[in-house]
Each structure stands twice: as C-alpha cells, then as structure tokens.
Amino acid sequence: MMDYKQTVFLPKTEFPMRGGLPKKEPEIMAHWEKLDLYKKLRAERKDAPKFVLHDGPPYANGQLHIGHALNKILKDVINRSQSMLGKNANYVPGWDCHGLPIEWKIEEQYRKKGKDKDEVPIAEFRQECRDFAAHWLDVQSQEFQRLGILGDWENPYTTMKFEAESIIAAEMGKFLMNGSLYRGSKPVMWSPVEKTALAEAEVEYADHKSVTIFARFALKNSPIEGLEGAHLIIWTTTPWTMPGNRAMACGADIEYSALKITETGEDALAKVGDIICLADALQADVFAQTGIVSADIVKRFKGAEMAGAIAAHPMAAEGYTYEVPVLLADYVTTDQGTGFVHIAPGHGPEDFELAHLKHGIEVPDTVGEDGVIAEHLPLFGGMHVLRDNARIAEIMAEKGGLIGIGQLTHSYPHSWRSHAPVIYRNAAQWFVSMGDKDSQGKGLRDTALAALNVTDFYPASGQNRLTAMIANRPDWCLSRQRAWGVPIPVFYHKKTGEPLRDQAVVDRIVAAFAKDGCDVWFTKPASEFLGSEYDEKDYVQVKDIADVWFDSGSTHAFVLEARDDLQSPADLYLEGSDQHRGWFHSSLLESCGTRGHAPYKGVLTHGFVLDEQGRKMSKSLGNVIAPQKVIEQNGADILRLWVVSSDYYDDLRIGPEIIKRQSDHYRRIRNTLRYLLGAGAGFDAAQEGLAPQEMPELERWVLHRLTELDKVVRQKTESYDFHAIFTQIHDFCNGDLSAFYFDIRKDTLYCDSPASIERRACRTVMDEVLQCLISWVAPILCFTADEAWMAYRGDENDSIHLHEYAAPAKAWQNPELGQKWAAIRALRSQITTALEAARNDGLIGGSLSADIRVQTSAETAALLEGLDLASLCITSSAELIAGTGETKIEVRRADGGKCARCWKQFSEIPEDNDSDICTRCQTVVTEQGAV
RNA sequence: AGGCGCGUAGCUCAGUUGGUUAGAGCGCACGACUGAUAAUCGUGAGGUCGGCAGUUCAAAUCUGCCCGUGCCUACCA
C-alpha cells in the first residue's frame, strides 16, 4: 500500500510552534544589535516626517517595577507603530537623577560608616550621588532594553549631564530675567532632624502622641458687650507654636457662649469664677477634658459677632505683649477643640494664608532650623519643638495661661526617610509667580490654561484634571534646602533683598555649568559669576537647589530643543495619571513661563497596575508581579501583549490567570503565523502569484478583509488605540482565518495540484495575509514579528521594524462581498450545528464522513451559486435545494469509501478500501510523479 | 474629607444619539480529528450589566444616593 502522506503538500516551516521566548528574545536582541537597528532605522527615515514621543524620565534609584514596564512598553508600541506608518519616530530615553531619594541613600551609607554628612565636602557628596544615579541608570537601561524598547540607549538624556544642568540653570535665568522669580517665605514642612524643608511628597502620615493644651486668651477689646474679664479658649496639639501665635480664628456661623465657671474638679486648672468662651457644640467635651464640672451661661453669641475682637496672648505678662486679633475663617469646625483656633502664621499654611496673606499680619521667626525655639524668646527660648512640649505646657500652666493639659494620639506628618515628626516652619524660599498680579495682563496661569485648551488629551478627561490643578495651584516654590540638584543660580542684594537681574551674570553661570557641571556653584568663588561689575560683598549667593520637578520640567529645553534629531513641541507626552500633578504639570509651567506654549501637542495618561482582584500591589499582600519574573518565565512579548489587551487608560490588572490568558492569545497568533509560513513555503509571487480577478470569490473575500483591517490598524494607530487593533487582529486570526478560511482551504492546499488556479490563489492570498499580519503585530509582538519575518524572508540584514505596515491594494476593497460572505457564514454556522448534532448521535465522526442536503430560501441559495458548498462545509458532498421558508438541513453518512489521499468519501471508491484514491488525487499524484 | 476616574460572564474587553431574548475572544465542559498535533475544528453552559431609588412607553446606557476601588490633594487647630 502506498503511503499517500508523502504526496500531500503539508505545511513546512522552521518557525517553531512554541515560542520559547525567554531564550529566543535575547537572540533577537542580538540580531538587532548586529543590524544596528536603531541607527539603521534613523538613517532610513532621515527625511520622513518626525514623530516625537518625549520620554518622561524615570527616577534612577532602583530596579524596574511593573509600572515602569507598562509605561515603556506603551511608549514603544506607539513609537514602533508610528514608524510603521512611515514616520521618523526617534525615541530618546531619559532619566531623572537629582533629588532627595538618592541623596538620602548616600547619607544612609554615611551613617552606616559612622560618617557625618556635614563633614563631607559638598562636591564629594554630590559626586557620590552622581555615581549612584549612574549605576541605577545602567541597570534600568538594560532592563528596559530587555522589554524590547527601541531607542537611543547609547545616548540617552539625563538631568545630571553638564549640558542639562546648564540649560536648567539657563531656564531659571529666564524666570529671573522676566521678573516672575521672586524671593518670599512660607511655612514649609520642615524636618528638624534632617534640618531641611521637605516636599509634600516626602512626608508620610503616622500616629504621633502630642501634648495638647487648652490656652486662655484674655479678651481685651470685645465688640460684644458684657464680656469684661472673659477669656477665649483655644486648643492646640502643638504647644511649641504658642510663641508664634499672632491671631485666632472662629467660624462666623458657629454658636458660642461665655461661661462663668461654678464648680471644678480637684485638679482642674480653671478656677471657679473664670469666664471662658467656647463653641456650644464643644462645651461638654472641653469640660470633660479640663475638669470643669459646671458653669453658668453669661452670654451667647455667634462667631461673626466676635470678629475684630482683640485678645492678649496667654503669656502676655512674660513678654508676649502683642495683640491677638480674632479673625473669621470658614475652615473652623466644631469637630474637636474649642471652636477658637490658634493662629501661628509661621507654622501652618492655613494660618499663613489667613493671617499673613489675608490680614497682613507679620510672620515671626520663632523656630530655628534645628527645631529649637529662638533664644531671645521669653520662657521658651532654647526649648525643642518636638521634645519639650510637656515642659512648655507646664510652664504655661504655672503662669496661669492654661485651663487644661492633655494628650492625643493622632495622624501626624513624618519625614518619609527618618520617620521623625516634621513641623511647619517659616522659611525664605524662591518662587515662580503664577502671575496673578502680573502687570502685563497675562500671567503664567493664564498662559498655561490657554495652552491646555489646544492640547489633545488621551483620554479626554485628563484635560479637566490638569486644568483644575493649574487653576488652583499656588505659586511654584522652587527652593529645596538640599544638596543634590541644580542650584538656583541667583544672587540677591544684602541690603535690599532684590535679586540681581543681569543677563551677563546668568550667561556666565550657564557657561560655567556647561563646562564643569553645576558643582562649580559650590566650589568656585562668587566673583567668577558676578564679574567685575558687582562686589560679592554686597550680594548673597543663594544656596538652595531647585525642585527636581523643575529639572524634568525643563527636558523639552535640554532634550527636544537641543537635539537635532528631535523637535519641540513634542507630539506626545505619555505617563501614568499621577503625572498630572508631576511632569505634565511642571513641563507645562516651565514651557509656558519661558516660551508661552506647552511643550507637547498631546498628553496620554495610563492607569496604575493592580493585582487580579483590583487591589494595589504591596509587599505585605504578597501580590507584587515583577516584570523581570514574567520575562523570565513567559517572555517580554507576553508582557507587551498584556499591555495592549488591557484598557490602559484605566487601571490595569495583572496576575497569574491574566498572564495565562495572554499566553493563550499569544499562542493563537503565533500558530496563525506558523501556519501561514508553512502553507506558503517556497511561494514565489512572480511564478505562482495570481491577480485577484483570477481568484475564487473566497480568496477575494479574504483580500477584502485585509483592506478592512488595514483601515482599522491605521486609524487606531493614529489614535493610540492598540486595544482595538489587538482585538481585531486576534479575532481575524481566530474567526476568519483559523476556523474558516484555513479550515476550508486545507483540502486545496494539501491536495490540489500546485499548478491549479485554486491552490495558486490560496497561496497568493496567504502570502498577502502573512505580510499584513507580521507588520500589524510588529509594534506589539516586536520579537515574535521579527522572528516570523526572518522565517519568511531569511534576510539576516533585514528586520520587520525597518518596514512599514503592509499596504493592501485599494482595489481589493469589496463591501458587497463582505456582506455576502457574512450571510454565507451564517448559513455555514447552521450547518456546523447540524453536523454536531449528527456527530453526537454517532452518525458521523469527522465532517468529511457526512453528506448534507440543505434546503433554503431562493435568496440564500442564490448566494451559493458557483460555490462548492461541500468544500465550504468540509463535507464529502452536499446538495443545495432552493426552496422557501426556513432552512432545513439533513445530514447523512456520505456514500462510498475514503480516498486514501484526500480523505474525502466517494461512491466510486468501495467501502473498506484503504488504498484507492479519487480522480483528482490520481491526477495530482501522476503529475507530481512525472516531475 | 475634596477633585478626577473606574465597577458588564472565571479573565480581558465591545456595547454607537436610551429601543427587539446584553455581545466577542479566551478559559471551562462535552465531542471530533490525528495531515497546523504540547496544535486544529465543532457544540454548549456561564451575566438580576456594583446596589437602591427615580425620569421614561422603554435604561447597561440619563439623574440622585449608597457601596467598592484607583490616582491626586487635604488629613488641620
């Protein structure tokens, strides 16, 4: 008996079914390196229109997490897909290198070695920070590249390159020269332990036990009659702020009473006969805490009536002699306290705003950098704000200033590094004005808001979010009292306090930074920058460094504008949605303040990565998914697939099951590629290819589908909607190809003569499909696509990433055919259901053992004219009867025996015969044998 | 506590201006094939569309409240 398997044209390919990605991907990376893919692509697209996705710099201080992976993969998919559109999508990755976290790491190392940071020369300290950043930058670069991210890894940007530092300084110079950089002061979060101001992001909240006091302020001048001798009572958890008290606040609509104490407990500080004023809602509470047993109401009043009253500081007799006005504030509540809020303008943003900004009350300096109360202050001078609150309370009680002392455990800000409590402290700071008071009419805020109006947001809601933030934010405080960063390159006059605005000085500073880095600010004498026109004795050199958000906010200046291979504004900034407050925000302000427009045309935000249950990832929950591990076990392409199969505008989830699902999707696409590669083995378009008009209708339908998908892919690429692209490609592979077209054409492909029109048409179409498919998935499955491309073309000097999306001919479009075949498939689906029923009845096994008789409406029957229903349904035979009414399908066992080559049944072949073959196969076998 | 989002089958997602029994793919179950074979094909079971209350002839879709959840702020005397 002849083995006809040898005569069947089965798919043949080297492209393995299993990806083995963890091993394969590094090989493909090596191929790219050998090709010098990045540079080659740049050279080839030199004259193409640019597409600039500007990289928001990650912070160089640790290994990558899944959020980094999401971010960079999305950027890469966008860049590669724009490149597939023919653009020059040059991607320059960058890193944010300055800032507290790195600084702190170095300090930590010092502490371990028992060294004191303050004893290390600043230049040396900064060098260590620089080395630390360089190390992590390198680690992250390797990890990013392993994700398949294509970019200028040899020459990335960093905020700590000398050129960057000098341009950052130059940018600050612009704010200096245009008058919007000013010296002010404000209460800032201050860590007495680290002797530095902290950014709000550098603060975390934890429980803290505070000494609380109820302090009494003698009413000196009251708008309300009959309150002679009364005291207003405040409650505070920070007794150390009492020397800084300059006012108190009450709520306009809150009900208060003056109460004459009639009875007190044994240890009460209050005395019988005292008259105290409190909010009614808090009376019981205060009595309980201060040991007051009972009191008579002397007077009732509303907060509004008390406004304008003048009280005396509880320690007035000891030297705190200033007046304490009573102000109205809408933030006063009766949740706790007394209904009167003590206001220390130097020790709280709300206090500052109310007392200083709104009422012009001077802000005293009462606390030093180390948290020690100024020596010259009576009673409390030299005491520490964190350690001596109990003493402060005792002294005040002794002097008759209190009616109660207590304790409270509450949530309190702590330094995120030292975990020590922090305080608000007034400090001199440099600000960029949001321009509300700008004489030129249009301030920075207005410019920025206008710029947002002409920016595209993906998703659209980002516009609202950023707009609201810009509209409400206060002036930008640029100062950081730190060491690792770009110094604010400013001198101000010792006597007038006026900053020196001289472009020549700025230029000298910028030039010096460019040459030797901004360390020179700390190592060279001021005279070098001031030049001969100014005497350094007259000026103070600012030693603050700039907020790191200013560094990254200036990347458009030192990257986009500085590099010839990029341009500004960028087409797109893309980051996590937290960057509304961060990079999108600071970049916008920096650019609007210096150039009058945004540095981006579009802003795309993605969500955060959560676990499978939608919880945030945390070490304690044990639900952290490390990208390194996914790559190691599944491959980077799986991670890339995960990104595009998620709705990345919203939060994304990842976990074992989700990764499993992605692997399933991957296998489907990979197998489709493999089948196409195998089916098309040895295909030569010039010899074998056919023109569409010579093809069967089914082939022309597939070509039509390619034009439809092509349209979707291009449109969705423009709108960065890869989820839609992936879904459609997957469904195409799954539904149109594997379950339909491939299945039907197996017979043609395996058994028909290579010279037959049918087989040639099929192979021609499959070749087109393959080219489309590889190019469509290339931005997403960047490794697998190239692996397939290699298997297809076999050219070691090529890569799919050097090509554009395949371009199906416009002429292939045929919507009528699309509709017609949709109807045919609906009928086919009815038939497969009927076949399944017959199979379950044991009537048939494979569909080739069936013969079907389909009675259907004349309309439906007309659709099948000229088509072979049996081959469409993969049965051995079929009869179509044009009738009326509902479709009826009859399934019978096909007559005759099975052709030993094509496995179809024929009545001419005797049953139980396993060697005969059908006429078609006979012809083909003979023909092949003759060759 | 405030601002901006999200909540549709086990998983990832579609559901256009409110309009017939809410869709797809994966997974799952069952079956077929053994010439895509750690593949491939078929059939099927899964959803009170987060909850409640409204508007409407009609709501996954509009409104309000609530619950859960994410980011960003504020967590204060």
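Just so it is clear: chains get the letters A, B, ... in the order the sequence lines come, proteins before strands, and each one is counted from 1.
- If you check every strand for non-hydrogen atoms under 4.0 Å, A/Phe608 touches sugar and phosphate atoms only.
- Scored by the side-chain hydrogen bond (donor to acceptor under 3.5 Å, both in side chains) test, A/Arg425 finds no partners at all (sequence neighbours excluded).
- Atom name C1', nucleotides B/U55 and B/U69: the rounded distance is 28 Å, in whole Å.
- Here A/Lys746 lies in heavy-atom contact (under 4.0 Å) with a base.
- Heavy atoms of A/Phe340 sit nowhere under 4.0 angstrom from any nucleic acid atom.
- Under the 4.5 Å side-chain criterion, counting only non-hydrogen atoms from C-beta, A/Leu770 is not in contact with A/Tyr675.
- Spacing between atom CG of A/Leu354 and atom C1' of B/A77 amounts to 12 Å, rounded to whole angstrom units.
- For B/G23, the base is anti relative to its sugar; the glycosidic angle deviates from 0 by more than 90°.
- On the C1' atoms, B/U20 is 39 Å away from B/C33, given to the nearest whole Å.
- Judged purely by distance below 3.5 Å, without hydrogens or angles, the side chains of A/Asp647 and A/His723 never pair a donor atom with an acceptor atom.
- Here A/Arg828 lies out of heavy-atom contact (under 4.0 Å) with every strand.
- When each of A/Asp578 and A/Gly846 is assigned the nucleotide of RNA chain B bearing its nearest heavy atom, the one mapping closer to the 5' terminus is A/Gly846.
- Nucleotides B/C6 and B/G51 have their C1' atoms positioned 16 Å apart, rounded to a whole Å.
- Of the listed nucleotides (B/G35, B/G5, B/C6), B/C6 has the atom at the smallest distance from the side chain of A/Asp650.
- For a distance-only test at 3.5 Å, the side chain of A/Thr13 fails to qualify as a donor-acceptor partner of the base of B/A36.
- In the model, A/His730 has no side-chain atom that pairs as donor or acceptor with a side-chain atom of A/Ser645 under 3.5 Å.
- Contacts of A/Gly845 with the nucleic acid, taken as non-hydrogen atoms under 4.0 Å apart, involve only primed sugar atoms and P, OP1 or OP2.
- When heavy atoms are screened at a 4.0 angstrom cut-off, A/Arg18 is found touching base atoms of the nucleic acid.
- For A/Asp743, counting side-chain heavy atoms from C-beta on, the closest listed nucleotide (B/U40, B/A36, B/G70) is B/U40.
- Considering A/Leu408, A/Val286, A/Ile213, A/Asp285 as possible partners of A/Trp235, the one that fulfils the side-chain contact (heavy atoms from CB on, under 4.5 Å) test is A/Leu408.
- Across residues 234-252 of chain A, A/Trp235, A/Thr236, A/Thr237 each have a non-hydrogen atom less than 4.0 Å from an atom of RNA chain B (numbered order).
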Let me check something: any side-chain donor-acceptor pairs from residues 10-20 of chain A under 3.5 Å, sequence neighbours excluded? List them with distances.
residue: A/Thr13; atom: OG1; partner: A/Phe15; partner atom: N; Å: 2.9

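- Which of B/C26, B/C41, B/A77 sits closest to the side chain of A/Asp664 comes down to B/C26.
- To the nearest angstrom, P of B/G42 lies 15 Å from CD1 of A/Ile889.
- Looking at which nucleotide of RNA chain B each of A/Cys733 and A/Met17 is closest to, the 5′-most match is held by A/Met17.
- In the model, A/Thr238 has a side-chain atom that pairs as donor or acceptor with a side-chain atom of A/Thr241 under 3.5 Å.
- The residue A/Trp642 sits apart from the nucleic acid: no heavy atom pair falls under 4.0 Å.
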Summary of protein contacts for nucleotides 8-16 of chain B, nucleotide by nucleotide, where a base hit scores B, a sugar-phosphate-only hit scores S (4.0 Å, heavy atoms): --BSSS---

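- A/Arg465 comes within 4.0 angstrom of a nucleotide base, judged by non-hydrogen atoms across all strands.
- The CG-C1' distance, from A/Asp747 to B/C41, rounds to 15 Å in whole Å.
- The separation between A/Ile233 atom CD1 and B/A77 atom P is 18 Å, rounded to whole Å.
- Counting any heavy atom pair closer than 4.0 Å across all strands shown, A/His342 reaches sugar-phosphate atoms only and no base atom.
- B/C72 sits 40 Å from B/G19 when the C1' atoms are compared, rounded to a whole Å.
- Spacing between B/A38 and B/G15 at atom P, rounded to whole Å, works out to 38 Å.
- Residue contacts shown for A/Asn734 are limited to sugar-phosphate atoms, with no base heavy atom under 4.0 Å away.
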Residue pair A/Phe352, A/Tyr424: steps toward the ring pair (Phe, Tyr, Trp, His ring centres under 6.0 Å) verdict: CA-CA 10 Å; A/Phe352 180 79; A/Tyr424 273 105; over 10 Å; no

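- For RNA chain B, the residues of residues 831-841 of chain A within the heavy-atom distance limit of 4.0 Å (strictly under) are A/Thr832, A/Thr833, A/Glu836, A/Arg839, A/Asn840, sorted by number.
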Secondary-structure notation, RNA chain B, from Watson-Crick and G-U pairs under 3.5 angstrom (| other strand): (((((((..((((.....[...)))).(((((.......))))).....(((((..]....))))))))))))....

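- Nucleic acid contact for A/Gly337: none, since no nucleic acid atom lies under 4.0 Å from a heavy atom of the residue.
- In this structure, CG of A/Leu610 is placed 12 Å from P of B/U69, rounded to the nearest angstrom.
- B/C13 sits 23 Å from B/A29 when the C1' atoms are compared, rounded to a whole Å.
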